[in-house]
Amino acid sequence: MKIVMLGAPGAGKGTQAIKIADKYDIPHISTGDIFRANIKGGTELGQKAKSYIDKGELVPDEVTIGMLLDRIAQDDCKNGYVLDGFPRTIPQAESLTEALKSQGDRIDFALNIDVPDEAIIKRMSGRRACPKCGATYHIVYAAPKTENICDKCGTELIIRSDDKPETVKDRLNVYHQQTEPLIAYYKAAGVLREVDGTQELPKVFEDVVAILSEN
Ligand code: ADP
Ligand code: ADP
Ligand code: ZN
């Protein structure tokens with residue numbers, strides 16, 4: 001099963017994608033996580049990506065598309081994957097469609113996690129991330145068992161530098177301009193499914209599973 005997660009920054013794409021990956025035993029591929037790992041590792045790719053991410057802008061398609069296509073060509077992607085944070089532009093979506101088409105394949109579901117901007121701002125201000133394993137928490141809605149410590153690996157949680165309110169506003173603008181058109185793109189492809197992302201986390205996942213169980 002090949003799944004694309006759509007939705008604004010902070011809509012809950014990552015939270016749901018991790019649960020989908022777990023349930024269906026497919027890799028969770030987050031372009032944001034790949035960029036952050038490269039920034040941390042001081043790679044050339046990380047250096048290229050950092051200035052864009054810090055400003056809340058998108059990393060250019062020339063960098064991002066090749067990186068993602070390489071990733072999904074790996075062996076663990078044979079039975080599918082859940083893409084979180086890719087595609088974010090029409091050219092990215094077109095490249096993905098073409099790459100799959102050349103193998104007689106396509107995306108099965110594009111799940112749009114719909115959350116209005118006001119709720120996004122609230123979610124982002126409470127988001128905490130594990131710098132080691134990538135797990136995401138929320139101080140109110142998804143608190144770790146021990147305050148500020150990752151449940152999975154025991155590392156101290158951080159506030160992502162691009163989750164500052166000023167940067168979140170820029171990221172929302174970028175979302176509306178460059179990423180929201182993907183909803184129409186996947187609707188035209190017949191694979192778009194809408195999910196009400198304002199519900200509590202387990203209910204959102206229930207709705208997601210109901211959609212993925214369709215035939
Ligand atoms: P969020 O989960 O809050 O939407 P991500 O972790 O997906 O954030 O992305 C963080 C940042 O990484 C983005 O603001 C952007 O700068 C960059 N990025 C991630 N994925 C892409 C992509 N597909 N194209 C361009 N830039 C990307
Ligand atoms: P995205 O990957 O779309 O940027 P995340 O999955 O990181 O979004 O979620 C953003 C923040 O909102 C996190 O702090 C997460 O714990 C929290 N969150 C996710 N889903 C929900 C939900 N349904 N209700 C309340 N908070 C949520
Ligand atoms: Zn962790």
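For ligands, and for the atoms within them, numbers begin at 1 and follow the listed sequence.
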Next item on the list: List every atom of ligand 2 that sits less than 4.0 Å from any heavy atom of Q199, numbering the atoms from 1 in the order shown and giving each element.
Entry: 22 (C), 23 (N), 24 (N)

Next item on the list: Run down the list D33, D61, I65, I53 and name the one with the heavy atom closest to atom 11 (C) of ligand 1.
Entry: I53

Note to self: For M124, which part has a heavy atom under 4.0 Å from ligand 2: side chain, backbone, both, or neither?
What the structure shows: neither

Note to self: So if I count the atoms of ligand 2 from 1 in the order they appear, which ones are less than 4.0 Å from some heavy atom of A8?
What the structure shows: 3 (O)

Notebook entry, point to check: If you count the atoms of ligand 1 from 1 in the order shown, which ones are under 4.0 Å from a heavy atom of T31?
Noted result: 19 (C), 20 (N), 21 (C), 23 (N)

Check: Just which atoms of ligand 2 are under 4.0 Å from any heavy atom in T136?
Finding: 7 (O), 13 (C)

Notebook entry, point to check: Against heavy atoms of A142, which atoms of ligand 2 measure under 4.0 Å?
Noted result: 16 (O)

Check: At a 4.0 Å threshold, what atoms of ligand 1 neighbour a non-hydrogen atom of P9?
Finding: 3 (O), 4 (O)

Margin query: For the Zn ion (ligand 3), which protein N/O/S atoms fall under 2.8 Å? Skip waters.
Written below: C130 SG, C133 SG, C150 SG, C153 SG

Margin query: Tell me the contacting part of A17 for ligand 2: side chain, backbone, both, or neither, using a 4.0 Å heavy-atom threshold, strictly below.
Written below: neither

Item checked: Subset of ligand 1 atoms that lie under 4.0 Å from at least one heavy atom of Q92 -> 22 (C), 23 (N), 24 (N), 25 (C)

Next item on the list: Please say whether A11 places an N or O atom under 3.5 Å from an N or O atom belonging to ligand 2.
Entry: yes

Next item on the list: Would you mind running through ligand 2 and noting each atom that sits below 4.0 Å from a heavy atom of Y141?
Entry: 25 (C), 26 (N)

Check: Can you list the atoms of ligand 2 that are under 4.0 Å from a heavy atom of K13?
Finding: 1 (P), 2 (O), 3 (O), 4 (O), 6 (O), 8 (O)

Checklist line | Subset of ligand 2 atoms that lie under 4.0 Å from at least one heavy atom of Y137 | finding: 13 (C), 14 (O), 16 (O)

Margin query: Can you report which non-hydrogen protein atom sits closest to atom 2 (O) of ligand 1, along with the distance?
Written below: R127 NH1, 3.9 Å

Item checked: Nearest protein heavy atom with distance in Å, relative to atom 6 (O) of ligand 2 -> T15 OG1, 2.5 Å

Item checked: Among E200, R123, M5, closest by any non-hydrogen atom to atom 24 (N) of ligand 2 -> R123

Next item on the list: Identify which of K55, R88, K50, R160 has a heavy atom lying nearest to atom 22 (C) of ligand 1.
Entry: R88

Checklist line | Residue pair F86 / S95, side-chain heavy-atom distance below 4.5 Å | finding: no

Checklist line | Atoms in ligand 2 flagged as close to G14, the criterion being non-hydrogen separation under 4.0 Å | finding: 1 (P), 2 (O), 6 (O)

